[in-house]
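These notes concern the structure reproduced below.
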There are 2 protein chains.
Amino acid sequence: MAKRKITSTNSINRDNLIDFCGMVYAVDLLGGRWKLLILYKLEQRILRFSELKKKLPGISDRMLTLHLQELEQHGLLIRTVYAEVPPRVDYQLTDSARLLIPIWQQLEQWGLQHRSVMEQVEAEPVEEAGNRN
Amino acid sequence: MAKRKITSTNSINRDNLIDFCGMVYAVDLLGGRWKLLILYKLEQRILRFSELKKKLPGISDRMLTLHLQELEQHGLLIRTVYAEVPPRVDYQLTDSARLLIPIWQQLEQWGLQHRSVMEQVEAEPVEEAGNRN
DNA sequence: GCCATTACTTACAATTTTGTGTGCTGCACA
DNA sequence: TGTGCAGCACACAAAATTGTAAGTAATGGC
């Protein structure tokens, strides 16, 4: 996510797709393990680093730091540093990130619905009705 | 994407987040390099393997196969095999995947808009106006 | 002086994803 | 007899992401 070897096919493909398509670009910005969740936690209010950490069980300092930095670089959140000791830093969504809120809400709905559909399908006896061969 | 070591922290975190949140689950299903684009190409009509390949410049056989298999497993597309030689296989969206169409259209819009905002910001002189320290 | 605090950084290791190259099927056409 | 086709499978290599463990700074309380 951080450092890339810009000559690799992997990286070239990524860049091509990002240039080519706003959707891929969007998913690229949001695609880390914790990114969407970080944004989601910030939907309600400003949070500081330690508060975010509490709300994301299982995340390490490093991962939180990395994702926050990238989200900031990509214009999705605003980082505010207070000159105190011990340090205090807080994070809030940018306007552009707020425009995403209705989208991720729909994604949440779709995800829950799709999962329940999947669970039903798995519970059914397999019939292979789709293949005409 | 395919094989995972289910005891790793990486994998455990992933599973926990997926269980916990429909949004993360959704992004997990759609998160491969080419997946959203594959679905998008299938929005208009059924396509066969070779047609998809033409529409996705830079993709290898293997990547296309892998993503198609996973999308099928996850209930996002339907694979139909015809008993012909040479083989013919085609792919179409499931109903559940069709429900995603308006969402990815919004994501596409947001992506284009956000990118143009980002380009403006980068063009401006840096002022660091956000940090009070 | 000694320690806890907070938001990090660094070096490293493990895991996961992506890509490359080869080969396979079974028939049609030359 | 040889070649091409389409949709893969396989073994392997490269790259990207994620996680672990150990630091660091300056201050306030004891």
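All values derive from a computational prediction rather than experimental measurement. Residue numbering restarts at 1 for every chain, and letters A, B, ... go by the order of the sequence lines. Just so you know, these numbers use all the heavy atoms, side chains as well, and skip hydrogens, waters and symmetry mates.
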Practice prompt. Starting from P on C:dT18, measure out to CG on B:Leu64 and report it in whole angstrom.
Written response: 13 Å

Item to complete: Answer yes or no: is there a donor N or O on one side and an acceptor on the other, between the side chain of B:Gln120 and the main chain of B:Val117, under 3.5 Å?
Response: no

Worksheet item: Once you round it to whole Å, what is the distance between P of D:dA15 and CG of A:Asp15?
Response: 15 Å

Fill in: Parallel, tilted or perpendicular: rings of A:Phe49 and A:Tyr91 (30°, 60°)
tilted

Worksheet item: When you check the side-chain N and O atoms of B:Tyr25 and B:Asp19, is any donor under 3.5 Å from an acceptor?
Response: no

Fill in: Phosphate contact (D:dC8 OP1 or OP2) by B:Tyr91 side-chain N/O below 4.0 Å
yes

Fill in: Between D:dT18 (P) and B:Asn16 (CG): distance, integer Å
15 Å

Worksheet item: For the pair made of NE2 in B:His67 and C1' in C:dT18, what is the distance, rounded to whole Å?
Response: 8 Å

Practice prompt. In whole angstrom, give the distance that lies between atom CE of B:Met63 and atom P of D:dC10.
Written response: 15 Å

Response to the item:
Separation of C:dT20 atom P from B:Ile59 atom CD1, nearest Å, is 11 Å

Discussion item. I'd like to know if A:Lys41 pairs up with A:Glu51 as an ion pair, taking the criterion as any Lys NZ or Arg NE/NH1/NH2 lying under 4.0 Å from an Asp or Glu carboxylate oxygen.
Written reply: no

Worksheet item: Has the side chain of A:Gln106 got a donor or acceptor atom that lies under 3.5 Å from a matching backbone atom of A:Pro102?
Response: yes

Fill in: B:Val89 and B:Arg79, any side-chain heavy atoms less than 4.5 Å apart
yes

Practice prompt. Check every strand shown and say whether B:Ser50 touches a base, only sugar-phosphate, or nothing at a heavy-atom separation below 4.0 Å.
Written response: sugar-phosphate

Worksheet item: Rounded to whole angstroms, how far apart are CG on A:Leu68 and P on D:dT18?
Response: 13 Å

Item to complete: Would you tell me if any nitrogen or oxygen in the side chain of B:Ser60 comes within less than 4.0 Å of OP1 or OP2 on C:dT18?
Response: no

Discussion item. Side-chain N or O of B:Arg48 versus OP1/OP2 of D:dG7: is the shortest distance under 4.0 Å?
Written reply: yes

Discussion item. So, under a plain 3.5 Å distance rule, would you say the side chain of B:Arg62 forms a donor-acceptor pair with the base of C:dT20?
Written reply: yes

Worksheet entry | Rounded distance (Å) that lies between atom C1' of D:dA9 and atom CZ of B:Phe49 | 11 Å

Worksheet item: In terms of the nearest nucleotide of DNA chain C, which residue is placed more toward the 5' end: A:Thr65 or A:Pro87?
Response: A:Pro87

Worksheet entry | Toward the 5' end of DNA chain C, by each residue's nearest nucleotide, B:Asp61 or A:Val85 | A:Val85

Worksheet item: OP1 or OP2 of C:dA14 sitting under 4.0 Å from any side-chain N/O of B:Thr9?
Response: no

Item to complete: Counting heavy atoms from C-beta on, name the nucleotide in C:dC8, D:dC5, D:dG19 closest to the side chain of A:Arg79.
Response: C:dC8

Discussion item. Taking 4.0 Å as the cut-off, does a side-chain nitrogen or oxygen of B:Asn13 come that near to OP1 or OP2 on D:dT18?
Written reply: no

Worksheet item: How is B:Gln69 classified with respect to the nucleic acid when contacts are heavy atoms under 4.0 Å: base, sugar-phosphate, or nothing?
Response: sugar-phosphate

Worksheet item: Hey, does the side chain of A:Arg14 come within less than 4.0 Å of C:dG19's phosphate (OP1/OP2), counting only N and O?
Response: no

Discussion item. Strictly below 4.0 Å: does B:Arg88 bring a side-chain N or O up to OP1 or OP2 of C:dC27?
Written reply: no

